[in-house]
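Only one structure is covered here, and it is reproduced in the block below.
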Amino acid sequence: MTAKTQNTPVQTAHRISTGCAGLDTILLGGFLRGSVFILEGSPGAGKTVLANQVCFHQAQAGERSVYVTLLAESHDRLLKNLSSMSFFDADLWPMSIDYISGFHILTTKGLNGILELIMKECRARNASMLVLDGLFVLEENVQSEREFRKFVNDVTNLAALMDCTVLLLTNSRQQPQPRPEHTMVDGWIEMNTHQLAYRAYRDLSIRKYRGSDFIPGRHSFTISDEGVRVFPRLETVTRREIPEAPLEGRVSSGLPALDKMVSGGFPAATTSLLFGPTGAGKTTLALQFAAAATAEEPALFYSLYEAEVRLRMKSERLGLNVGEMMDRGLIHFIWTPPSENLLDELGNKLLRAIKKHKIKRLVLDGVDAFDDSAVHPERLPGFLNALNSELRRMEVSSLFTTRTEILPPPTFSVNLGNLSAVAENILLLRYEEEGKHLRRYLSVLKVRDSAFDPLWREYTISQGGILFTDGPRDPASGTG
Amino acid sequence: MAITNPPLILIVEDESGIQLALSLLLELEGYRVMQAGDGEEGLTCLAETVPDLIITDYMMPNRNGLSMLREMRQDPRLAAIPVLMLSAVIPPEEDAYELVDQFLSKPVMAGDILTAITSLLKNGRGAS
């Protein structure tokens, strides 16, 4: 199997990459070389996977690791479990990663036996990475807490002497509190699995990192056949600086009549929010927005509800050439079903695609699905603000669609929720019954620093997409 | 063919973790090792045994490394023993370079220590 990494350099000066891009981001580049980290979590939290991921990543660069396990699990079984992971490379084992069972030595020679083993193996292998899996087993086999603390201290001294980075894997306690061993090591990473009603999710946090700054707080992670993937909270990693002057120019909405209502198009590199009830034509307008893409300014259509095949069919029925533009690479498409997603995973995926394809026009169709993905909905405003700032910095013009119920006049009201604060431009779609007819209307609520036509405009959806039936007025004429 | 004993090295270090790590490393490399926890204990060891080399810390309780070396150098049996000092700082005392043959600053790497030991054992005092 070919080993893959998550696009992380193996090491910068004095830093050891973990092979997990998100974790490197949180650790500001990885582990400091020669440091000792406690990796703590409940059984099944992913400690062993992450530690092996680090070792295999280092092995790819020619570095050697010693992996001492004090657990009952045999190495055959461990390796069998790891073999399905994309980072696993059978060619690197056993030459670059040496798996050693320390349990027998612990029971016959005690802690000093383990220290001798560590020194002997690290020296013999010229190892730059040491993993001790099952620190809690050692703790159970010592006479006193003092003896255990001395052992941890001895390991840190061995690591410093051998210039070896050390991961000590241990089970978390029921009530995780800093313990003496935490004060003796350089770093402490906590990996957690939480239950929220029927849903389970994972996060990790750096509790301590001596000699280095880090990004504090909880960050989501997943475990899949790619290994551990960490998604730093978007609010903490997006760049805060915004161009001093907003980008000049207008960006077509894809509907000439709508462009006229908003003074020639949306201001460039802004986010437009399109609210409307189900069936009002949000996705249709979004397709028209995407279809205004060019080779110089490609679009990304990020759908949280409808799959690509359905959107192609819809586009074809409307006479839009979105499918053909997808085939030509002018429009890129990502579909993430609105199931149990992680907010930061979605954000990460979106921003990576924008960067990769140099996207300048973005549709986020169904942004209300983010509500379902947010384990902690109170984070949503901050998350969307961060996402919006990043899009602005990347000079991307965006259209977010979201479902909302709008009560018709005379009790006309709409709840724009958290989203309205992040958008520079806001559009509303609604229905109105007239006899047996259901009429559709669009109105512009807000356009950044521009005049606009605020009247409700009636439209139909037919061949060609959204067509206005009562003719927009030019807001500059003052008649709107 | 005569069988010779491996070189004997005295480690004088108050930090037990560093002392242990150094001992394990040197024993693994085939040296014989004696340990002392400060300068006073170091002198006690030296009264009974003459090592081939001394590795000492500078700052230690009771008696520091240089103070131990001053006393030691007055004994003709011990005057020629090469000394490697591991310290976070270079001692400000004027006679530091007369008493010590090589300094390594902490934190120190295994490879640097082993290279220094090989050189000092081969060339004796003033090897560096």
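Labels below follow one simple rule: chain letters A, B, ... track the order of the sequence lines, proteins then strands, and each chain is numbered from 1.
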message: Contact between Ile18(B) and Leu161(A) at the side-chain level, heavy atoms closer than 4.5 Å - yes or no?
response: no
- prompt: Would you call Lys150(A) and Leu20(B) a side-chain contact if the rule is heavy atoms closer than 4.5 Å?
  reply: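 They are in contact (side-chain heavy atoms under 4.5 Å apart), so the answer is yes.
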Contacting moiety of [X], where chain A heavy atoms sit under 4.5 Å:
X	value
Glu27(B)	neither
Leu114(B)	side chain
Ile113(B)	side chain
Leu28(B)	side chain

- request: Could you please state which residues from residues 109-135 of chain A sit under 4.5 angstrom from chain B, measuring non-hydrogen atom to non-hydrogen atom, sorted by number, or 'none'?
  value: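 Within residues 109-135 of chain A, the residues that come under 4.5 Å of chain B (heavy atoms only) are Asn112(A), Leu115(A), Glu116(A), Met119(A), Lys120(A), Arg123(A).
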task: Return yes when atom CZ of Arg77(B) has more than 12 non-hydrogen atoms of other residues, nucleotides or ligands closer than 6.0 Å, and no otherwise.
output: yes
field: Interatomic distance, Asn157(A) atom CG to Gln19(B) atom CD [nearest 0.5 angstrom]
entry: 10.5 Å
query: Met109(B) and Ala160(A): which non-hydrogen atoms are nearest, and at how many Å?
result: SD-O, 3.7 Å
- prompt: Quick one: salt bridge (Lys or Arg N to Asp or Glu O under 4.0 Å) pairs with a partner in residues 81-96 of chain B, sequence neighbours left out?
  reply: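 Counting only pairs at least two positions apart or across chains, the salt bridge (Lys or Arg N to Asp or Glu O under 4.0 Å) contacts touching residues 81-96 of chain B are Arg70(B)-Asp95(B).
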